[in-house]
Number of protein chains: 2
Amino acid sequence: MGAAAGFRSSLTLVRKACGACRECDVRHQALCAAMADDDLHRLEGIMSPTALQPNQTLLRQGDPCRKVYSLTSGMLRLFTDLPDGRRQITGFLLPGDYLGLVDDHVHSQSAEAVVASQLCSFPIRQIELLMGEFPSLRDRLHRMTRAALRQAHDSQLMLGRLAPLEKLAGFLLMLDARANRQPRGGRALQLAMSRTDIADHLGLTIETVSRCFTRLKMQGLIRLPDAHLVEILHEDRLADIAGIGIQPEQLRSTAC
Amino acid sequence: MGAAAGFRSSLTLVRKACGACRECDVRHQALCAAMADDDLHRLEGIMSPTALQPNQTLLRQGDPCRKVYSLTSGMLRLFTDLPDGRRQITGFLLPGDYLGLVDDHVHSQSAEAVVASQLCSFPIRQIELLMGEFPSLRDRLHRMTRAALRQAHDSQLMLGRLAPLEKLAGFLLMLDARANRQPRGGRALQLAMSRTDIADHLGLTIETVSRCFTRLKMQGLIRLPDAHLVEILHEDRLADIAGIGIQPEQLRSTAC
DNA sequence: CGGTACTTTGACAGTTGTCAAACCGGGTGG
DNA sequence: CCACCCGGTTTGACAACTGTCAAAGTACCG
């Protein structure tokens, strides 16, 4: 925790060739998908690229809202922490996601890079002007906010009513669905975040997370070539565990 | 659970005098606050009033999205439930709040009245047309969605990282802040929902909720004239318990 | 090769869930 | 008017899941 303090003022600015937006990996997933090719330069004109190193802080809860960010590569964690050190990660941002528009004038949560990441940043004032000019942009941001709200609701269900094993199963499936959008080809899922991050997202301790990984492994549902690489062997049985159609016996710690 | 099944087709339609919107209690809190008095009839024109009895179902997870609702009086609970009966209440709607715009074509959660409630309902198609015509309406809905997202994030923190006593303290303070927006006048807070609802919102059991009420009472922080009426005696000390500046000793069950 | 950070495993204790019973208020029917 | 019943709430006893503390294992980097 707090390992990245002091980085904030050294956000690296990356120069990008003009017109590069058109060939961006997330051109059709991110907020810029709302803009036609011909209007893209309007967004590009107010954009500054930003790069973050692993664990570098992008913003802290309490910071004034000045910019909107769109993640183009890497992964961010969004979290709130309490004065006594407890932390809740409300979600992980993947390429194409955005952050920075909130209902208040200060941020209610912090954002840090999980791994090296690149973002487009836009002055919030200018984005608001563009939203006025391009209703499709406002529409897209609204839609993306609704998607985020739905994810938050799913997370509430997980946190409030699922057992640890169910939480982890659900987490792996969700992350897999978001990260690899082409249907599962037996490929492995990269777990960029640490066990601490997973624990702080699922409302568990790292020990419990680790034990649950072991149980999923024992039951033959996943493989763990190393701690940060998961191979999902039985997506269907994982989904059963994750909440839709529970077999309570499976969940009892039957000798771990 | 399921006590209100079968009510769905009997949503009562309430006739309202034309122009009544202008004198509505939530005229300046609800989505209609985005419309000038002169344009209000455009919203009113596509609105049908709806009334719900206690525990009546407004919509169920899986239902197609057809309407947007604005709550004018009463209280709704929004929840997801699992096949085995577990339930997570993601939030309670108060007058002025809206629901119905989601990122999918079906609802991911159900909505039921906690107490007798009245709503304005708008065909989703027409609302979208109006949003196109009145950017301020789209802006307001976006803003309200962001407020909902923030509430969901707060709830995630509660569910994932707070102890039961902290959860309840935080819940009471939040509900009080939302229900009585004038500063606390020593007045009592009406708890319309049951212990089961509170438990399903905070990720606890009703027994634990009840024990926490008792502890807050014992510590002299609240009074409970009856099970559904709370008098907050020490807002500041409740806030301490609720997360900002925790005194861990206070939380240990010191004889209950 | 040694050191560090992270993960896994183990032993144990405590909080919270489970089960059960008592309590309470309101409504119905005698 | 009182007794009874019923749903919801509170209280109690107990067990177990999960957190805490501690140590061992593993991978990575200098």
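In what follows, every chain begins at residue 1, and chains take the letters A, B, ... in the order their sequences are listed.
- Between the CZ atom of B:Phe213 and the P atom of C:dC23 there is a distance of 22 Å, given to the nearest Å.
- A straight line from CZ of B:Arg195 to C1' of C:dG25 spans 14 Å, rounded to a whole angstrom.
- Listed for the A:Ser117 side chain is a donor-acceptor partner under 3.5 Å among the backbone atoms of A:Val115.
- Cation-pi geometry between A:Arg178 and A:Phe92 is not met: the NZ or CZ atom fails to fall both under 6.0 Å from the ring centre and inside 45° of the normal.
- Within the 4.0 angstrom heavy-atom criterion, only backbone atoms of the sugar-phosphate kind lie near B:Ser194; the bases stay farther away.
- Formation of a donor-acceptor pair under 3.5 Å by the B:His201 side chain with backbone atoms of B:Ile89 is found in this model.
- Taking 4.0 angstrom as the limit, B:Arg211 places none of its side-chain polar atoms (N or O) nearer than this to OP1 or OP2 of D:dT11.
- Note: CG (A:Leu191) to P (C:dT8) measures 10 Å, nearest angstrom.
- Between the C1' atom of C:dT16 and the CD1 atom of B:Ile206 lies a distance of 14 Å, rounded to the nearest Å.
- A straight line from CG of A:Asp197 to P of C:dC6 spans 10 Å, rounded to a whole angstrom.
- Atoms CG (B:Leu165) and P (C:dT16) sit 9 Å apart, rounded to a whole Å.
- Side-chain atoms of A:Arg161 do not come within 3.5 Å of backbone N or O of B:Arg86 as any donor-acceptor pair.
- Mapping A:Pro225 and A:Leu204 onto DNA chain D by nearest heavy atom places A:Leu204 at the nucleotide closer to the 5' end.
- Between the NZ atom of A:Lys167 and the C1' atom of D:dG19 there is a distance of 12 Å, rounded to whole Å.
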Going through the distances and angles, do B:Arg60 and B:Asp81 end up as a salt bridge (charged side-chain N to carboxylate O under 4.0 Å, His left out)? CA-CA 10 Å; B:Arg60 243 185 246 296; B:Asp81 41 28; over 6 Å; no

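- Residue B:His228 places at least one side-chain N or O closer than 4.0 Å to OP1 or OP2 of D:dT9.
- With C:dA11, C:dA20, D:dT9 as the choices, the nucleotide that has an atom nearest any side-chain atom of B:Glu207 turns out to be C:dA20.
- Between A:Thr208 and D:dC17 there is no side-chain N or O to OP1 or OP2 distance below 4.0 Å.
- Ranked by how close their nearest DNA chain D nucleotide is to the 5' end, A:Pro164 and B:Lys217 are led by B:Lys217.
- Spacing between atom CG of A:Leu168 and atom P of C:dT8 amounts to 10 Å, rounded to whole angstrom units.
- Residue A:Thr205 places no side-chain N or O under 4.0 Å from the OP1 or OP2 atom of D:dT20.
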